[in-house]
Amino acid sequence: MFEALSEKLSGVFDRLRSRGSLNEADVTEALREVRLALLDADVALPVVRDFIAKVRERAVGAEVLSSVTPGQQVVKIVNDVMIEALGGEGAVPINLNAAAPVPILMVGLQGSGKTTTSGKIALRIKDRLRRRVLLASLDTQRPAAQLQLAQLADQAGVPSLPIVAGQTPVQIANRAMDVGRREGFDVVILDTAGRLSIDQELMDEVRTVRAAANPAETLLVVDAMTGQDAVNTAKAFNDALSITGIVLTRMDGDARGGAALSMRAITGAPIKLIGVGEKQDALEDFHPERVAGRILGMGDIVGLVERATETIDQAEAEKLASKMMRGKFDLEDYASQLKQIGKMGSLSGILGMLPGVGKIKQQIEGADLDTKVFKRQAAIISSMTVKERRAPDIIKANRKKRIAAGSGTSVQEVNRLLKQFDEMSAMMKKMGKLGQKGLMRHGLGALMPKGVAPQHRRPF
């Protein structure tokens, strides 16, 4: 989402870093480019003005302009101001500090992903916090909206309020809270109706529901793809309802990202969660410092480690590592490894979380770094017999043709996979022979093929 903004800011900061010292004119020129980059990314004009003013105030100071690395210092100031604009360091959790059942009111325009997000939040509270959640649809406007939420509740493994035809949103909200109290639920999520645009009827309805339910959280769901209009939506809902938090959906899209940078400043409410995919578990905490780091090319190592911890099976990983160190690694293990990496998302997305990768984006764009690579390789391995997977050396010309035909790939792709596997196996055997002490003594160079100059050595 922030790719274009990140590229532009990276160019500005590279020019700043290349200069031994900075004067006020250098900083002014750099800030002009930052301002244009932010406006181009759909950041609201008042937010851009405030952002640039804060950076200028801190950057045009004697201690910065005469520091040893002034360019680096300016980058740090921009990073700090961006974190502030996004809401300050650390994620803001959903507030559940209220008497059970805790009501959570979901509001937003139609098509923003409000109903889907309600299901995602229910799953998150059930799995992470071990609380009993009841989902209730108050949407009597959109056809089958209540059935949709019932299906999402079923997928999340949480109960939904039975549908009673003819009830008003307020009556449904009162019934949901009554069921929540009588049946011992910890949280009741109330999914209100949306409209195609903000109108008085929508606001009056939501105000009435809010007064009846007295929610601990009023979460506004906004589609990040709508850009500048998302900011207007947030302002209108905040003026009418005093929202307590924002959920940005479609943060995995290719919009310009300005909505995320504008929300906190315009509404004063924190962005609490972000939707990063269609699946029910594709909901993440919003960490301003991590988002700022990714925009400025500093990466998000903590986020990458968290994603790996959540998706990779620890027992399976340890078993695989043990086989690798003993040199017993086969194509079945390789397929298992591909599956685990695939769970983390696309390789380009994973690489985007590493510091400095933005600068080599063009070079790796043509490398087809996506989950479809894993899927093709998994298809090739699936077309092999158990014997072939465990002893790849027996795969000769006729077998390769059969495997390629069975997997819908070419013999060249089968050869490429087998070569990749051979190189990986050779490296694993060397690691096993060297052991931990040997690796520490000789470094990774010991794993490279003999006779290859250090600058040309590469593991794969």
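The model shown is predicted, which means the values in this text are computed figures rather than measured ones.
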Closest non-hydrogen atom pair between Val158 and Val133, with its separation: CB-O, 3.7 Å
In chain order, what residues pass the salt bridge (Lys or Arg N to Asp or Glu O under 4.0 Å) check against Asp127, with sequence neighbours excluded? none
Do Leu418 and Leu331 have side chains that approach each other closer than 4.5 Å (heavy atoms only, starting at C-beta)? yes
Considering only heavy atoms from C-beta outward, does the side chain of Met82 approach that of Phe51 to under 4.5 Å? yes
Are Val92 and Phe286 close enough, and set up right, to give a side-chain contact (heavy atoms from CB on, under 4.5 Å), and what steps lead you there? CA-CA 8 Å; Val92 181; Phe286 182 79; over 6 Å; no
Taking every non-hydrogen atom, the tightest pair across Gln280 and Leu152: NE2-O, 3.3 Å
As an exercise, state the distance from CD of Glu289 to CG of Asn79, rounded to the nearest 0.5 Å. 9.5 Å
Does Gly113 offer a backbone N or O that forms a donor-acceptor pair with the side chain of Arg250 under 3.5 Å? no
side-chain contact (heavy atoms from CB on, under 4.5 Å) evaluation trace for Ile381 with Leu417: CA-CA 9 Å; Ile381 296 170; Leu417 169 67; 3.8 Å; yes
Criterion side-chain contact (heavy atoms from CB on, under 4.5 Å) on Met106 and Ile121, from CA distance to verdict: CA-CA 10 Å; Met106 308 294 291; Ile121 291 174; 3.6 Å; yes
With a 4.5 Å limit on heavy-atom distance, are the side chains of Ile125 and Ile104 in contact? yes
Side chain to side chain donor-acceptor pair (under 3.5 Å) partners for Thr409, two or more places apart: Ser407
What I'd like to find out is whether the side chain of Arg124 reaches to under 4.5 Å of the side chain of Ile94, using heavy atoms alone. no
Between Pro288 and Gly88 the two heavy atoms that sit nearest each other are CG-O, 2.9 Å
In this structure, CG of Asp191 is separated from CG of Leu138 (nearest 0.5 Å) by 7.5 Å
Residues 141-150, side-chain donor-acceptor partners within the protein, below 3.5 Å, at least two apart:
residue	atom	partner	partner atom	Å
Arg142	NH1	Gln148	OE1	3.1
Arg142	NH2	Thr115	OG1	3.3
Arg142	NH2	Gln148	OE1	3.0
Gln146	NE2	Ser137	O	3.3

If you compare all heavy atoms of Leu39 against all heavy atoms of Val48, which two are closest, and at what distance to 0.1 Å? CD2-CG2, 3.8 Å
Could you state the interatomic distance from CG (Leu190) to CG (Asp139), rounded to the nearest 0.5 Å? 12.5 Å
Contact between Ser118 and Leu135 at the side-chain level, heavy atoms closer than 4.5 Å - yes or no? yes
Partners meeting salt bridge (Lys or Arg N to Asp or Glu O under 4.0 Å) with Glu33 (sequence neighbours left out): Arg15
Looking at Glu332 and Arg390, would you say the former's side chain and the latter's main chain have a donor-acceptor pair under 3.5 Å? no
On a heavy-atom basis, which atom in Pro101 and which in Gly180 lie closest, and how many Å separate them? CG-C, 3.7 Å
How would you list, by chain and number, every residue that makes a side-chain contact (heavy atoms from CB on, under 4.5 Å) with Arg402, sequence neighbours excluded? Thr385, Glu388, Arg399
Just so I know, are the side chains of Arg35 and Leu45 near enough to count as touching, which here means a heavy-atom distance under 4.5 Å? yes
Short side-chain to backbone donor-acceptor contact, Ser262 and Ala44, under 3.5 Å: yes
For Lys54, check salt bridge (Lys or Arg N to Asp or Glu O under 4.0 Å) against everything at least two apart and list the hits. Asp50
Atom pair CG (Asp186) and CG (Leu134), whose distance is rounded to the nearest 0.5 Å: 11.0 Å
Can you name the side-chain contact (heavy atoms from CB on, under 4.5 Å) partners of Lys235, sequence neighbours left out? Asp239, Ile266
Non-neighbouring partners of Ala91 that pass side-chain contact (heavy atoms from CB on, under 4.5 Å), sequence neighbours left out: Asp285, His287
Roughly how far apart are Asn398 CG and Ile403 CD1, rounded to 0.5 Å? 11.0 Å
Closest approach of Ala234 and Leu220, non-hydrogen atoms and distance? CA-CD2, 3.4 Å
With side chains defined as the heavy atoms from C-beta onward, is the minimum distance between Arg264 and Pro270 less than 4.5 Å? yes
Could you pull out all residues at least two apart from Lys120 that satisfy side-chain contact (heavy atoms from CB on, under 4.5 Å)? Thr116, Ala282, Leu283
Does any pair with a residue in residues 102-130 pass ring pair (Phe, Tyr, Trp, His ring centres under 6.0 Å), and if so which ones, sequence neighbours excluded? none
Partners of Lys400 by salt bridge (Lys or Arg N to Asp or Glu O under 4.0 Å), sequence neighbours excluded? none
What's the separation between atom CG in Leu273 and atom CD1 in Ile246, rounded to the nearest 0.5 Å? 11.5 Å
Partners passing ring pair (Phe, Tyr, Trp, His ring centres under 6.0 Å) against Phe185 (at least two apart in sequence or in another chain): none
Looking at side-chain heavy atoms only, is the closest gap between Asn95 and Thr244 below 4.5 Å? no
